[in-house]
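Here is the structure we will look at.
Residue numbers start at 1 and run along the sequence shown.
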Amino acid sequence: AFRFQAMLARLFGLSAVLSVASCSLLRNATEHVPFSVFPKFSSNISSPTMADSLQDKVVRILELKPGFPENIAVQVFDEKYYDQLSLEKKKRFLKCLNSGIVNENSIMGCYANYPDDYEVFKPFFSRVLEIYHKVDLSKTKHVNSWSLKGIPGLPDDGVLDLTRLGLPPLSIRVRTGRNLKKFPLPGSMTKEDRVAMEVAMGKVFDKLIAMPDFGGRYVSITPGHPNEITPAEYDELVKAHIMFKDMSVDKYLLAAGIAEHWPYGRGCYISKDKGFIIWVGEEDHLRIMCMKKGSILNEVFDRLKAAIDVVEALIDGGCAYDDKFGVVTSCPTNIGTGMRASVLIQLPNLTADGTDKKVKAIAKPLGLSVRGLGGEHTPIGEDGTVDISPSARFCISEAEILTALYKGIELLKKEEEAVAPKK
């Protein structure tokens, strides 16, 4: 390389040497990032410096603003705020927005890359959170609480029993996300970071295996891991909704850097009864969830709380929390509680037309999301089964999310009965 640069210096002068050096620096800075995650911008600069490359992204953001009003990150971007940042901060900041720049039709359009991004870039992320979660942070504050005590509208004994609503046992799932303090968030992790994080969690899983309430096994899809499973075993776990799908085909996660280095650093802890699992290396470092077919919502909720307490206590360095924003997650849509509580419920009368349109029309004012059996943008069940969950994650407590689910189920059940065919 030095001989080549010396030759260029003799033939073309110093400027050529500087151009080669600039390209080398840019290549080294991006060696862990697939080329596909960067937008293809037109530029007249033959050998862009870091500042030139960043400016191309800023130009692209400004071009997108008029045509993509639903892209929150693009709309919130403030050039005056950006210009006040140092060169390194500018690079880090635009990395957060890369998914929304590459995928113009994004709704959120940004991800945090480090546990303190929400504080470091607070003016930007605060506004993003206000718009998406429809809150005014000057008047409200996020508070985490798992206690059902004092929440109005619940049964006197606090037991959220679906049989009291005239429902059979339902498939119940409650999950939350956690990120380890001592690692970058998934969007900025190197391959070595991902493998090291999985190794660090191995010590936690060893202790969980020995516990009667949480005992099970850990499976990995990291090549060469002691607990590596075969592709066929992985596919079976995906079909059983135990393991997460291949992230490397998700263009949004790819552009954010979250899906890089697949399948390294990815795996899943599975309890013996398969009612408690932990995803490792997905959109957040950990996705902790409990599921059960039953009638008492509290049972799944309480088991998850107990599991989180155990896991967090065992993690060296702890998990990332923000004093103002709560649980730190990669995506601002999940920050606060990181929680999604859902049930699969049959609503054959409301879905008699073969769609979930009527259910969504009723559910939206109640703050509920409606999904198909395979998640968002998937078909409902042939028997009218839909996935129902509260939409809110932020400026709402964990207990309030569970309460919203119970009350939502109650109201949907009444609407289902109201449109039942007359006998």
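Electrostatic pairing of K239 and D235 does not count as a salt bridge here, judged by no charged N lying under 4.0 Å from a carboxylate O. Taking the charged nitrogens against the carboxylate oxygens, R287 and E283 do have a contact shorter than 4.0 Å, which makes a salt bridge. Ion pairing between a basic and an acidic side chain is recognised when a charged N comes within 4.0 Å of a carboxylate O; D116 and K181 show no such pairing. A salt bridge is absent between K364 and D356: the closest approach of a Lys/Arg side-chain nitrogen to an acidic carboxylate oxygen does not fall below 4.0 angstrom. D250 has no carboxylate O lying under 4.0 Å from a charged side-chain N of K245, or vice versa, which leaves the two without a salt bridge. A salt bridge between E130 and R127 is present, with a side-chain N of the basic residue lying under 4.0 Å from a carboxylate O of the acidic one. A salt bridge links E104 with R60: the distance from a Lys NZ or Arg NE/NH1/NH2 to an Asp or Glu carboxylate oxygen falls below 4.0 Å.
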Margin query: Checking V58 against Q55 for the side-chain contact (heavy atoms from CB on, under 4.5 Å) test, could you report, in this order, the C-alpha distance in whole Å, the side-chain angles of both residues, the deciding distance, and whether it holds?
Written below: CA-CA 5 Å; V58 172; Q55 188 56 35; 4.0 Å; yes
Checklist line | Full working for side-chain contact (heavy atoms from CB on, under 4.5 Å) between S295 and T163 | finding: CA-CA 6 Å; S295 299; T163 62; 3.5 Å; yes
Item checked: Criterion side-chain contact (heavy atoms from CB on, under 4.5 Å) on S106 and Y252, from CA distance to verdict -> CA-CA 8 Å; S106 298; Y252 299 96; 3.5 Å; yes
Check: Run the ring-ring contact (aromatic ring centres under 6.0 Å, His included) check on W146 and F301 step by step: do they pass?
Finding: CA-CA 9 Å; W146 293 72; F301 185 72; 5.0 Å; yes
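No donor-acceptor contact under 3.5 angstrom links the side chains of E228 and Y234, judged on distance only. Side-chain contact, N113 with S188: a donor N or O sits under 3.5 Å from an acceptor N or O. Donor-acceptor pairing under 3.5 Å is recorded for the side chains of E198 and T222. A donor-acceptor contact closer than 3.5 angstrom is absent between the side chains of R371 and S369. No hydrogens or angles considered: a donor-acceptor pair under 3.5 Å links the side chains of D193 and T190.
For the pairing with V327, the side-chain contact (heavy atoms from CB on, under 4.5 Å) check across I335, T337, N144 returns one residue only, N144.
Put simply, the side chain of D284 never gets that close to the backbone of R178: no donor and acceptor are under 3.5 Å apart. Between the side chain of K203 and the backbone N or O of L314 there is no donor-acceptor pair closer than 3.5 Å. Panel note: side chain T385, backbone G381; no donor-acceptor pair is recorded below 3.5 Å.
A 4.5 Å side-chain heavy-atom check between R164 and D161 finds at least one atom pair inside the cut-off. A heavy-atom distance below 4.5 Å is not found between the side chains of V120 and F93. Counting heavy atoms from C-beta outward, H285 and P186 have side chains that approach closer than 4.5 Å.
No close placement of the H225 and Y264 rings is indicated, their centers lying 6.0 Å or farther apart. In summary, the aromatic rings of F125 and Y118 are positioned with their centroids under 6.0 Å apart. The distance between the ring centers of F121 and Y114 does not fall below 6.0 angstrom.
For the atom pair CG (D206) and OH (Y218), the distance works out to 11.5 Å, reported to the nearest 0.5 Å. Taking SG of C268 as the start and CD1 of I277 as the end, the distance is 5.0 Å to the nearest 0.5 Å.
The nearest pair of heavy atoms linking R393 to T333 is CG-O, 3.3 Å. Nearest heavy atoms, C395 versus V135: CB-CG1, 3.9 Å.
Within a 6.0 Å radius of NZ in K292, no more than 12 heavy atoms belonging to other residues, nucleotides or ligands are found. Residue-environment remark: CG (D83) exceeds the threshold of 12 foreign heavy atoms within 6.0 Å. Within a 6.0 Å sphere centred on CD of E233, other residues, nucleotides and ligands contribute more than 12 heavy atoms. Around CG of D316, the count of heavy atoms belonging to other residues, nucleotides or ligands within 6.0 Å does not exceed 12. Crowding of F325 atom CZ: a count of heavy atoms from other residues, nucleotides or ligands under 6.0 Å exceeding 12.
The side-chain tip of K65 does not point at the ring of F77 from less than 6.0 angstrom away and within 45° of straight on.
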